[in-house]
Q: 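Supplied in structure tokens, the structure appears directly below.
A note on names: the letters A, B, ... follow the listed sequences, proteins ahead of strands, and every chain is numbered from 1. Quick caveat: nothing in here was measured; it's all calculated off a predicted structure.
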2 protein chains.
Amino acid sequence: MSKDQAIVASQRVADILAERILSGDLAPGARIKQDELAEELETSRIPVRDALRMLEARGLVTMRANAGARVTSLTRRDLEVSYEIRERIEPLLLADSVPHLTDEDIADLRGVMDRNEQTDDIDEAIALGREFHWITYRRHNTPLLAQIVERVWDTTQSYRRAYMKLAMGGANEGAGRTHDIEHQLLFDAIAKREVETAQAALVMHIRRTRTALVRYGHLLSGSAGEAIPFPPPVLDAVE
Amino acid sequence: MSKDQAIVASQRVADILAERILSGDLAPGARIKQDELAEELETSRIPVRDALRMLEARGLVTMRANAGARVTSLTRRDLEVSYEIRERIEPLLLADSVPHLTDEDIADLRGVMDRNEQTDDIDEAIALGREFHWITYRRHNTPLLAQIVERVWDTTQSYRRAYMKLAMGGANEGAGRTHDIEHQLLFDAIAKREVETAQAALVMHIRRTRTALVRYGHLLSGSAGEAIPFPPPVLDAVE
DNA sequence: GCAAGCCTTTATGTATACAAAGGTGAACTT
DNA sequence: AAGTTCACCTTTGTATACATAAAGGCTTGC
């Protein structure tokens, strides 16, 4: 009873699949075959189907009857809108959480920032960035809102990674630094429990990320920007 | 081939179940047994399970391993937050749609308003109100955003109905009229393609609905307002 | 040589059957 | 009499097997 050992197969499959998608192991648009997964994870197709549906609920996977499942892919427009959504609703979540954050939470935040300064691995930086924000949301009392926010984070994570690898890879050293400074601003406001200041810092942070991402967007993709229904991946074609 | 004849069983089941939930036939918190549904709809439990997962993706159903599925129920807090979310993201969807609305769309809007004035059946008024707003969103180009908005509408619909039956039932004749006036304001702005005015009207409309709903909230529910995890329904206990 | 249609192949959708987890009620103990 | 425990029963989770639809390659005709 250490934690909650994978109780049901479908949940176990869902966890593994989610990890693969979020880690970038499976890129947006990648086809997911039920048989393959079932055999690899030594289970039947039923739990796999269940898992796919669960991930569809999280927005990570898109299914179409008789046509299989794919890792959800976004158009450039969807990606941009995702950030506009975040800009508008994450301040709500933040305000709901900040007043209840403990000193220990603040210490955790500082810890994440420290770890972030000591790494230059992009994948780790992605994970730490995510951890940072979710600590700030840790004491929320609005599961519904948190669920929506998490969904947007999930579906955009692959693109965020693609962007960062592009942006960092170039001579663009300043980008990461700006990001860190914004986190610092957010942290300071949170540490002082200044909710509105923290909200403002968060909005600025998300907005700047969006504009930066849009500026790189046309480099990332071959997409015209039209809303393409299903099969064609937009960025990061898997093959 | 009149429309799209129920192609796959799971989709058919999902459609039927969704209709029952949205119509109020199944109240929040109601238990859904796979066997029952499967037998009634003359299919096996597999498509039923699939359908439940689909509805979980839409937020209409909440599942827990080994404990069954229930119609999603919201706490008072969740309900209030839902409206705060709507207030912040629906203007985005509206702005995305209004510039592309055709004259025919405008005519449809007027038609819905007319039909609404001629009815005093609450269930029909609910449906018409929903139809009205979704016509204004009809020409959007952001499926992801629309999906999130639809989800919030879906999960709150039962509560909206419960509130309206309470509010209208009383001597509160003015509530419905206010609602209609707000729709009229929104319509006028849209007809003139004044996006920002329309957004302002929409925000006002949602905000007023929220405050009205909160004012009645304590009458509707026995809930203390705490976020209750799973089984206990909050409003509209089914038995 | 190219295009179109049929056929094979492959993957998904569904049914039946069995295993296992949860909840409920009754009986027994304190 | 009240609380607790155990067993049964209900309901969900999973595996195997079969049906069906989509996709791609082959053939055939022009």
Side-chain angles (χ1 to χ4, degrees), chain A residues 1-18 26 29-57 60-72 228-233 237-239, chain B residues 1 3-18 26 29-57 60-73 228-233 237-239:
Chain A
M1 296 181 185
S2 53
K3 272 189 167 182
D4 43 3
Q5 44 195 333
I7 317 166
V8 283
S10 52
Q11 188 62 54
R12 184 176 65 94
V13 175
D15 290 344
I16 293 174
L17 240 187
L26 280 172
R31 175 85 181 268
I32 302 170
K33 294 179 188 170
Q34 301 175 2
D35 275 331
E36 273 179 22
L37 247 187
E39 188 180 11
E40 179 191 348
L41 301 181
E42 295 180 316
T43 179
S44 89
R45 271 174 47 218
I46 305 287
V48 171
R49 284 178 67 79
D50 260 19
L52 288 173
R53 294 284 186 202
M54 289 188 212
L55 295 188
E56 192 179 24
L60 282 173
V61 161
T62 307
M63 301 183 75
R64 206 180 50 171
N66 290 314
R70 288 175 182 273
V71 179
T72 299
I228 302 164
F230 191 67
V238 73
E239 60 173 317
Chain B
M1 291 178 190
K3 273 190 164 182
D4 44 4
Q5 44 194 335
I7 318 165
V8 283
S10 51
Q11 188 62 53
R12 184 177 65 94
V13 175
D15 289 345
I16 293 174
L17 241 188
L26 281 171
R31 174 86 180 269
I32 302 170
K33 294 179 189 169
Q34 302 176 2
D35 274 331
E36 272 179 24
L37 248 188
E39 187 180 11
E40 179 191 347
L41 302 181
E42 295 179 317
T43 180
S44 88
R45 272 173 48 218
I46 304 286
V48 171
R49 285 177 66 78
D50 261 19
L52 289 173
R53 294 284 186 202
M54 291 186 210
L55 296 188
E56 192 179 25
L60 283 173
V61 160
T62 307
M63 301 183 75
R64 206 181 49 171
N66 289 313
R70 287 173 182 276
V71 179
T72 299
S73 66
I228 301 165
F230 191 67
V238 73
E239 59 172 318

Q: Can you give one letter per nucleotide of nucleotides 10-21 of chain C, going 5' to 3': B for a protein heavy atom under 4.0 Å from the base, S for sugar-phosphate only, - for none?
A: -SBBBBB----S
Q: List for me each residue that meets side-chain contact (heavy atoms from CB on, under 4.5 Å) alongside Ala18(A), sequence neighbours excluded, and say none if there are none.
A: Leu55(A), Arg58(A), Leu60(A)
Q: Arg53(B): which residues meet the salt bridge (Lys or Arg N to Asp or Glu O under 4.0 Å) condition with it, sequence neighbours left out?
A: Asp50(A), Glu56(B)
Q: With sequence neighbours left out, write down each residue that passes side-chain contact (heavy atoms from CB on, under 4.5 Å) with Ala38(A), or none if nothing qualifies.
A: Arg45(A), Val48(A)
Q: Listed by chain and number, what are the side chain to side chain donor-acceptor pair (under 3.5 Å) partners of Gln11(B), not counting sequence neighbours?
A: Asp15(B)
Q: Would you kindly give the CE-to-P distance between Met54(A) and dT14(D), to the nearest whole Å?
A: 8 Å
Q: If the condition is salt bridge (Lys or Arg N to Asp or Glu O under 4.0 Å), which residues does Glu40(A) pass it with, not counting sequence neighbours?
A: Arg20(A)
